[in-house]
Amino acid sequence: MNNKATAVAPSNIAFIKYWGRKKDPKLRLPENGSISMNLSNLLTTTTVEFSKTFKTDTIMFNGKKESLVENRVLEHIDRIRELAGINTRVKIVTENNFPTGTGLSSSASGFAALTVAGAKAAGLKLSEKEFSILARQGSGSACRSIPDGFVEWLDGDTSETSYADSLYKPDYWDIVDVVAVTSTGKKDVPSSTGHTLAQSSIFFPVRKSKMKEKISLCKKYLKEKKFQKLGELIEAEALELHAIYLTSTPSLIYLLPETLRVMQFVKKWRSDGLPVYFTLNTGQDIHVICEKKNAKKVAELLTKIDGVQKTIINYPSKGVRLVENHLF
Ligand code: DP6
C-alpha cells in the first residue's frame, strides 16, 4: 500500500449559500441545497501519510504544529481510519495559498484536499460521489470542492443523497471572481458555530421557504448564461445571508468598514455601466463577480479602494486532484 498521498483542492464561492444545518450536526446535512463555482487561485495543498513508525498524530498547518485537542481535522482522519479499518498514526502537512478565516472558505478547500489525500493514503478507493459525501462530513462546503467547475450540492435528506455534482465544466463560462482581501484578521465566530444560530433569526423561515425557487433560478441563469440576472441573484443572496447573520441571537457581524466600502463601490461601478456584482461569506473579505473581459479592470479598481490589501483573480476551476509533489 502506498500510504502517502498529496491532494490540491480549490476553495469555492457559493452563488446560493449553505447556511443552517438539519438536526444531526455530525452529518452536516444542510437546510437547503446550494450552488457554487470552484476557484482557480484559492488552493489548499495537503499531504497525508499513515505509518506504523509514527508514535503520535501530527498536523502541521502553514508551517505551524496544530493542537490536537478537539481537532476537526483529526476527527475527519478518524472517519477515514474507520472506513479503511486501520488505526495507524498519521502525519498531515497542509498549506493554504490564501488567508484563512476571513471569508474565503478555507475549510472547503482544506477538507476536500484532506479527504482525497487521506483516503488515498489509507488505501480507500472511492467514487467522486463518495468523496463528496465524506468531505461534507468534515466541512459542508468542502463537498462542492470535489467535482469540477460549476457545482450543485443536492438537497438530500440522508447522508447518501447529500453530495455535490458538477453542473458544468470550468470552461463552460468565462465568469471571474476577483477576491478583495480587506483584512487578514480571523473572524470571531467561525461558520461551523454560526450555522447553529441560523434558526434563531426571525427571517430564517422566510429564507427557507424560498430556497428551492432560488436554486432553480440560479440553474436557469447558468444554463442560459444570463450574466446580469445571475449577478443580481448572487448579490441579493449574499445580502440575505448577512441579514440572517445580523438578526441571529447572538448577532453575527462580519462586515468591516472596508467591506462596506467595496460593496458601495461595486454598486457605483454598476450604475456607471460596468457589470459587476459582489458576494460575501462568513467574513470580511469580498468576492466581486464579473466577466473575464472586465477582470483586469475590476482588479485595478478594487486595488485603489482604501482598505483593500490585495486582489486575487479566480477563474472557474476543476475540483480536487491528486498530485505527485509531496509536502514532506
Ligand atoms: C457562508 O462549510 O464552512 O460560506 O460545514 O460547519 O464547515 P461547516 O461550514 P462551512 O459553511 C459555509 C458557509 C458559507 C456558505 C457556503 O459556502 O455555501
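We count ligands from 1, going down the list as the structure has it; atoms in each ligand are counted the same way. These numbers come from a predicted model, not from an experiment.
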Can you see which heavy atom on T88 is nearest to which on R81, and at what distance?
O-NE, 2.9 Å

Among all protein heavy atoms, pick out the one at the shortest distance from atom 4 (O) of ligand 1; state its residue, atom name and that distance to 0.1 Å.
N281 CG, 3.3 Å

Would you say W19 has any N or O atom under 3.5 Å from an N or O of ligand 1, going by distance alone?
no

Compute the shortest N/O to N/O distance between S34 and ligand 1 and return yes if it is under 3.5 Å, no if not.
no

Sub-4.0 Å heavy-atom contact, R136 with ligand 1:
no

Just let me know how Q137 lines up against ligand 1, side chain, backbone, both or neither, with a heavy-atom cut-off below 4.0 Å.
neither

Looking only at protein heavy atoms, which one is nearest to atom 3 (O) of ligand 1, and how far off is it?
S107 OG, 3.2 Å

Side chains of R28 and S192: is there a donor and an acceptor less than 3.5 Å apart?
yes

Heteroatom proximity flag, Y18 to ligand 1, N/O under 3.5 Å
yes

Examine I16 against ligand 1 and note whether any of their N/O atoms are separated by less than 3.5 Å.
no

Ring-face cation of K292 near Y315 (centre distance under 6.0 Å, axis angle within 45°)
yes

S141: numbered ligand 1 atoms lying under 4.0 Å from its heavy atoms:
2 (O), 3 (O), 10 (P), 17 (O)

Nearest neighbour in protein (non-hydrogen) for atom 17 (O) of ligand 1:
R144 NH2, 2.8 Å

Check whether V181 and F278 end up in the same hydrophobic cluster, where Ile, Leu, Val, Met, Phe, Trp and Tyr are linked by side-chain heavy atoms less than 4.5 Å apart.
no

Quick one: name the residues clustered hydrophobically with V323, using the 4.5 Å side-chain heavy-atom rule over I, L, V, M, F, W, Y, and just say none if it's on its own.
V8, L43

Test item, Y254 contacting ligand 1 (heavy atom, 4.0 angstrom):
no

Hey, is A14 touching ligand 1 through its side chain, its backbone, both or neither, going by heavy atoms under 4.0 Å?
side chain

Below 3.5 angstrom, do we get any N/O pair linking N12 and ligand 1?
no

Do you reckon L126 sits in the same ILVMFWY cluster as I80, going by side-chain contacts under 4.5 Å, direct or chained?
yes

Taking 4.0 Å as the limit for heavy-atom contacts, which would you say applies to Y245 with ligand 1: side chain only, backbone only, both, or neither?
side chain

For atom 9 (O) of ligand 1, find the nearest protein heavy atom and state the residue, atom name and distance (0.1 Å precision).
H195 NE2, 3.0 Å

Give yes or no for whether the N/O distance cutoff of 3.5 Å, strictly under, is met between S192 and ligand 1.
yes

Mind checking whether F150 and Y172 have parallel, tilted or perpendicular rings, split at 30° and 60°?
perpendicular

Would you check the N or O atoms of R21, main chain and side chain alike, for any that come under 3.5 Å of an N or O of ligand 1?
yes

For the residue pair Q199 / E31, report whether a side-chain donor-acceptor contact shorter than 3.5 Å exists.
yes

Donor-acceptor pair between T282 and Y245 side chains, under 3.5 angstrom
yes

Answer with yes or no whether the side chains of S109 and S11 bring together a donor and an acceptor at under 3.5 Å.
no

Would you tell me whether N281 and K17 have side-chain atoms, one donor and one acceptor, within less than 3.5 Å of each other?
yes

Subset of ligand 1 atoms that lie under 4.0 Å from at least one heavy atom of R28:
5 (O), 6 (O), 7 (O), 8 (P)

